[in-house]
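Here is the naming used below: chain letters follow the sequence lines, and residue numbers restart at 1 for every chain.
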Protein chains: 2
Amino acid sequence: MLGRLNHVALAVPDLARAARRYSETLGATVSEPQALPEHGVTVVFVELDNTKVELLEPLGEASPIAAFLAKNPKGGMHHICYEVADLKAARDRMVAGGARVLGDGEPKIGAHGRPVLFIHPGDMFGTLTELEEV
Amino acid sequence: MLGRLNHVALAVPDLARAARRYSETLGATVSEPQALPEHGVTVVFVELDNTKVELLEPLGEASPIAAFLAKNPKGGMHHICYEVADLKAARDRMVAGGARVLGDGEPKIGAHGRPVLFIHPGDMFGTLTELEEV
């Protein structure tokens, strides 16, 4: 059921500085910053040969990563996203297995324009886990 | 310079339970647990289509993830590992860019039998970052 690792998201307090570290020092290909106000983040994509890392900086008052950065002011690993073919089937298996889905439990349209949902980190061994239908 | 994302490592307090969650609930292919006493961990590999996730449980008295789990008893995202073609060149660029390499700064043989080193999370926006020569 689990497909590709879609991305790993790293929350950073200073997106421009983090993007320079990845591009100039590590020699990675990084995107221009993209503001996603409806998701409360500005993102830079670090393009790797097999997947991507997303550097996230808070955007706006109600950013979903603001609390994380308040707790981890230097930044840190925020979540991991796996691809699944059938998101509702994956959700139903997770719920039947005792895992909580964040929000109202229904898939939302994520930052890539595809349905996503998040599994509570307390039910995934401390790791906030996103599932994306691809 | 940055190549593939080699793996994401998640520290977990109960490896058998975490492996079952990935295999039975999420339908992923997972390896048998592998004890790596020289690295202080027991690992289960979650094989994804494009990379792998490593579930790590402490092994022995001096496990490098014991302190992390003491601070994060439910577990959490521990580190990310990128592949590079020339590890010493990558290290030298990181050091020239102001980043600290853990330990004595020299590559060690990692859990996959290849040279690795770790960049201080304080110099990578809170993310412990492993570089592996492939």
Is [Y] reachable from [X] through a run of I, L, V, M, F, W or Y residues, each pair having side-chain heavy atoms under 4.5 Å apart?
{"X": "A:Leu36", "Y": "A:Leu69", "answer": "yes"}
{"X": "B:Val95", "Y": "B:Met1", "answer": "yes"}
{"X": "B:Met94", "Y": "A:Val30", "answer": "yes"}

### Task
Sort B:Ala11 into side chain, backbone, both or neither according to what part of it lies under 4.5 angstrom from a heavy atom of chain A.
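Backbone only.
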### Message
With a 6.0 Å cut-off (strictly less than), is the heavy-atom count around CD of A:Glu38, excluding the residue itself, greater than 12?
### Response
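Atom CD in A:Glu38 is packed in, count exceeds 12.
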Contacts of [range] with chain B (heavy atom under 4.5 Å):
{"range": "residues 12-27 of chain A", "value": "A:Val12, A:Arg17, A:Ala18, A:Arg21, A:Tyr22, A:Glu24, A:Thr25, A:Leu26, A:Gly27"}
{"range": "residues 74-87 of chain A", "value": "A:Lys74, A:Gly75, A:Gly76, A:Met77, A:His78, A:His79, A:Ile80, A:Tyr82"}
{"range": "residues 105-117 of chain A", "value": "none"}
{"range": "residues 39-55 of chain A", "value": "A:Leu48, A:Asp49, A:Asn50, A:Thr51, A:Val53"}

### Query
Under a 4.5 Å heavy-atom cutoff, which of A:Leu131, A:Leu5, A:Asp123 has the most pairs with chain B?
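So the answer, after comparing A:Leu131, A:Leu5, A:Asp123, is A:Leu5.
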### Task
Just give me the residue among A:Thr29, A:Val8, A:Asn72 that pairs up with chain B most often, heavy atom to heavy atom, under 4.5 Å.
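Greatest number of close heavy-atom pairs with chain B: A:Val8.
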### Message
With chain A as the partner, which of B:Pro121, B:Ala90, B:Ala99, B:Ala96 has the greatest number of non-hydrogen pairs under 4.5 Å?
### Response
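Of the candidates given, the most pairs with chain A belong to B:Ala99.
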### Query
Who among B:Ala28, B:Pro73, B:Gly97, B:Gly3 has the most heavy-atom pairs with chain A under 4.5 Å?
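Option with the greatest count: B:Gly3.
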### Message
Is A:Leu10 in contact with chain B via its backbone, its side chain, both, or neither, using a 4.5 Å heavy-atom distance?
### Response
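For A:Leu10, side-chain heavy atoms alone lie under 4.5 Å from chain B.
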